[in-house]
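Have a look at the structure below before the remarks.
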Amino acid sequence: MGTQLFRWNKQTLRRQLSVIRGQVAPTIVLKDATYLSSARKAWLRGHIWIYNDRIVYTGTEWPQKTEGTEIIDCTGKYIVPGYIEPHAHPFFLYNPHTLAEYASVRGTTTLINDNMFFYLNINKKKALTLIEEMNTLPTSMFWWGRYDAQTELEDEDSLFVPSNMKAWLEHPLVVQGGELTAWPKVMTGDETLLHWMQYTKELNKPIEGHFPGSSYRTLTQMALLGVTGDHEAMNGEEALRRLDAGMTTSLRYSSIRPDLPRILDDLLEAGITDFRRFNFNTDGSTPMFYKQGVIDKTIAIALERGVPVIDAYEMGSYNAAKHYGLDDYIGLIAPGRIAHLNILNDIYQPVPEAVLANGQWVYKDGESDYPEKTFEWEDYGVEPFEINWDLTEDDLHFSMPMGIELANSVILKPYQINVDVTNEHLSTNHDECFFVMLDRHGKWRINTVIKGFATTLGGLATTFSNTGDIVLIGKNKRDMKRAFEEVKKHSGGIFIVEDGNVIESMPLQLFGAMSLDSMEDVIQKHERIDAALKERGYPHDDPIYSMLFFSSTHLPYIRVTQKGIFDVHKKTVLFPSIMR
């Protein structure tokens with residue numbers, strides 16, 4: 001691979017030394033700054049010299065040369081490292097580029113991203129070339145190396161082959177293995193998964209778990225198998241279990257699990273005073289949740305709950321960098337680090353007034369300065385969601401005796417269907433809807449009824465699903481068919497139809513999962529879709545998560561997968577998919 005983690009060649013290093021020696025002027029000097037030193041765990045006063053993308057000096061000395069230097073008077077200001085999001089899922093209707101821009105101008109200048117969509121949908125060479133191209137953004141973009149697909153795929157064995165796994169895990173921009181959603185397989189003897197976990201450890205990279213509700217006994221066993229961190233704690237007791245098992249514990253504030261305030265209250269009540277092995281994450285939140293902010297919001301919550309100021313900022317920056325072995329590059333204000341810096345008016349207000357990312361101003365004077373960059377997505381294999389087949393009457397034929405019940409935003413349970421499914425529409429006096437999952441290539445279908453999704457929804461079609469297949473939900477078969485036609489016409493997306501008319505829509509031009517629109521536009525469309533579904537009886541927190549996780553076998557109790565309706569606990573197919 002052409003990329004390397006250490007980004008400065010010999011010539012660049014010599015040039016940086018020349019700045020210290022007074023032979024070359026710095027590009028930027030932050031003058032008279034009060035800055036956070038995690039090396040001392042203290043606030044220091046002095047000047048920060050930056051040369052292009054790197055901090056070259058921190059201290060009280062003034063550079064000998066300043067011709068052409070941009071000098072920023074930071075008297076009365078506070079400088080903290082750019083924030084780090086260690087658990088991003090950059091495909092939640094937004095795409096990695098638009099998320100990076102949105103997060104950076106709010107101070108989150110490093111994202112450590114799930115590689116799932118790229119791994120499953122693009123060939124290895126193009127995918128790794130794409131993440132290298134993304135590394136040219138002002139935002140630092142690192143990646144995970146997944147071990148499993150998080151669902152039952154028809155061709156999983158042909159995807160998670162040694163050559164692909166090895167190339168991803170070895171890549172210098174891939175900084176962890178996981179998240180490990182298939183951990184029960186490892187516990188029951190899956191040697192292939194354990195092999196890749198061991199290989200990750202040989203590469204000296206951490207492994208992220210996925211252990212919601214796990215006992216201390218389970219966490220202990222996973223620690224013995226090499227897992228070094230987990231983000232699934234839902235309260236302080238669960239966070240302490242992970243800490244006691246030796247794991248770095250990432251505290252979550254997400255659209256589906258906004259647990260952070262409670263966890264922090266519990267930890268402070270338990271007498272925790274050392275926060276070095278905690279960090280923050282937002283775990284792939286849906287777009288409108290990010291109106292509050294990204295990691296800046298988690299730091300604000302920590303400060304509100306009474307976490308000491310330096311600890312709150314380090315949980316949003318330095319602690320994550322240390323966990324991933326990246327503190328030589330990010331998360332610390334010291335010579336040699338990438339110039340990711342946030343300028344604050346007040347240490348109790350973590351939303352920055354100005355942001356430097358890679359030594360570039362990405363936010364200043366109240367406006368975004370994030371550079372425009374056009375990705376030729378199709379050159380990397382990121383293509384529109386093409387449908388070259390038509391829906392037939394048989395595709396909307398229902399006869400299965402068992403339905404699925406949405407117990408909350410993401411949990412599915414089996415239930416006995418009691419409504420007449422032979423009509424063209426269902427009554428709006430109950431919360432049962434037709435449900436169809438269709439293979440994106442038109443090979444198979446699964447037809448059942450979903451309870452607990454909506455009461456008056458005409459028709460919804462979406463390509464936003466964990467497997468990239470098509471989901472139709474609604475009371476009216478004609479509206480469902482029209483919604484499907486809109487998805488086909490727009491090459492993917494989410495479309496809601498009522499009485500034959502499209503009432504809300506979001507085209508998703510990349511894989512049928514990601515929009516090309518700005519984050520601000522995606523947030524507005526998401527708000528309208530969310531409101532429309534809740535007006536039509538969606539009773540839970542997050543319909544977008546419901547759509548994504550219908551197929552996700554890391555969640556109980558049953559799932560709708562490519563193989564059919566799947567019992568997660570028994571690992572068996574209850575009703576197979578039907579060939580079209």
Considering only heavy atoms from C-beta outward, does the side chain of [X] approach that of [Y] to under 4.5 Å?
{"X": "Phe142", "Y": "Tyr324", "value": "no"}
{"X": "Asn235", "Y": "Asp259", "value": "no"}
{"X": "Phe278", "Y": "Asp311", "value": "no"}
{"X": "Met506", "Y": "Val522", "value": "yes"}
{"X": "Thr249", "Y": "Arg241", "value": "no"}

Are the aromatic rings of [X] and [Y] close, with centres under 6.0 Å apart?
{"X": "Tyr318", "Y": "Tyr313", "answer": "no"}
{"X": "Phe160", "Y": "Trp196", "answer": "no"}
{"X": "Phe453", "Y": "Tyr538", "answer": "yes"}
{"X": "Phe92", "Y": "Phe117", "answer": "no"}

I'd like to know whether Glu314 forms a salt bridge (Lys or Arg N to Asp or Glu O under 4.0 Å) with Lys41, so could you lay out the CA-CA distance, the side-chain angles of the two residues, the decisive distance to 0.1 Å, and finally the verdict.
CA-CA 9 Å; Glu314 289 187 337; Lys41 207 172 179 70; 2.6 Å; yes

So Arg146 and Glu179, salt bridge (Lys or Arg N to Asp or Glu O under 4.0 Å) or not? Walk me through it.
CA-CA 6 Å; Arg146 284 274 199 167; Glu179 59 181 304; 3.7 Å; yes

Apply salt bridge (Lys or Arg N to Asp or Glu O under 4.0 Å) to the pair Glu238 and Arg257, showing each step before the final yes or no.
CA-CA 14 Å; Glu238 293 188 358; Arg257 294 290 333 177; over 6 Å; no

Have [X] and [Y] got a donor and an acceptor in their side chains that come within less than 3.5 Å?
{"X": "His540", "Y": "Ser546", "value": "no"}
{"X": "Thr181", "Y": "Asp148", "value": "yes"}
{"X": "Gln509", "Y": "Trp377", "value": "no"}
{"X": "Arg7", "Y": "Asn358", "value": "yes"}
{"X": "Tyr199", "Y": "Glu170", "value": "yes"}
{"X": "Tyr147", "Y": "Thr200", "value": "yes"}

Hey, what's the ring geometry for Trp49 with Tyr57, parallel, tilted or perpendicular (30° and 60° as the breaks)?
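Ring orientation, 0 to 90° scale: tilted.
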
Hey, can you tell me if His97 and Phe375 have their rings parallel, tilted or perpendicular (30° and 60° cut-offs)?
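Aromatic pair His97/Phe375 classed perpendicular.
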
Just wondering, are more than 12 heavy atoms of other shown residues or ligands nearer than 6.0 Å to [atom1] in [X]?
{"X": "Lys373", "atom1": "NZ", "answer": "yes"}
{"X": "Lys364", "atom1": "NZ", "answer": "yes"}
{"X": "Lys166", "atom1": "NZ", "answer": "no"}

So does His526 get a backbone contact from the side chain of Arg528, meaning a donor-acceptor N/O pair under 3.5 Å?
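No, the answer is negative, given that no donor and acceptor are paired below the 3.5 Å cut-off.
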
Residues forming a side-chain hydrogen bond (donor to acceptor under 3.5 Å, both in side chains) with Thr248, sequence neighbours excluded
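Counting only residues at least two positions away or on another chain, Thr248 forms a side-chain hydrogen bond (donor to acceptor under 3.5 Å, both in side chains) with His323.
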
Would you please name every residue forming a ring pair (Phe, Tyr, Trp, His ring centres under 6.0 Å) with His210, sequence neighbours left out?
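By the ring pair (Phe, Tyr, Trp, His ring centres under 6.0 Å) rule, His210 matches His231, His554.
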
